[in-house]
Amino acid sequence: MGIHDIIEGKKQWRAHMARVKALPPDYEIVYKEMQRYFFKVGPVGLADGSLLTGIVDFFEEGVAAGKGVLELIGDDVAAFSDDLIKDSPTYAAIYQERISTKPGTAEE
């Protein structure tokens, strides 16, 4: 990854976050909580940016339709977030699998 790629990535991230900040406050709060969760759990495909960009697209459509964020995703933000990544491998799951199969563990 060259310096040009790093600069371009930062530009894209800033543009993405500008879109998030343009959302109504309730949408922005929910987005940031989802983002924090995804960064913690670490879906393997998160780095390509399509998951977070897709959420912003979806939220912008909800705003345009005049819906509140909870009308759009339901009352359980965690369940909605989990549903988005249910078929994606996560770094947390990979780590858990790795430590559970290490030599010297109880599973041997």
Looking at CG of Leu51 and CE of Met34, how far apart are the two atoms once the value is rounded to the nearest 0.5 Å? 7.0 Å

Spacing of Ile55 atom CD1 and Phe38 atom CZ [to the nearest 0.5 Å]: 4.5 Å

Contact check, side chains of Val20 and Gln35, non-hydrogen atoms, under 4.5 Å: no

Partner of Ile94 under side-chain contact (heavy atoms from CB on, under 4.5 Å), picked from Gln96, Glu97, Arg98, is Arg98

Does some side-chain heavy atom of Trp13 sit less than 4.5 Å from a side-chain heavy atom of Leu52? yes

Considering residues at least two apart in sequence or located in another chain, which fulfil the side chain to side chain contact (heavy atoms under 4.5 Å, CB included) criterion with Lys21? Glu28

I'd like to check Gln12 versus Glu8 (side-chain heavy atoms, cut-off strictly below 4.5 Å). Are they in contact? yes

Has Tyr95 got more than 12 heavy atoms of other residues, nucleotides or ligands less than 6.0 Å from its OH? no

Give every donor-acceptor pair under 3.5 Å between a side-chain atom in residues 58-79 and any protein atom, sequence neighbours left out.
from: Glu60; atom 1: OE1; to: Arg19; atom 2: NH2; distance (Å): 2.7
from: Glu60; atom 1: OE2; to: Arg19; atom 2: NE; distance (Å): 3.1
from: Glu71; atom 1: OE2; to: Gly68; atom 2: N; distance (Å): 2.9
from: Asp76; atom 1: OD1; to: Ala78; atom 2: N; distance (Å): 3.3
from: Asp76; atom 1: OD1; to: Ala79; atom 2: N; distance (Å): 3.1

Salt bridge (charged side-chain N to carboxylate O under 4.0 Å, His left out) against Lys86, all qualifying residues, sequence neighbours excluded: Asp83

In the single-linkage hydrophobic clustering (I, L, V, M, F, W, Y; side-chain heavy atoms under 4.5 Å), do Tyr31 and Ile29 co-cluster? no

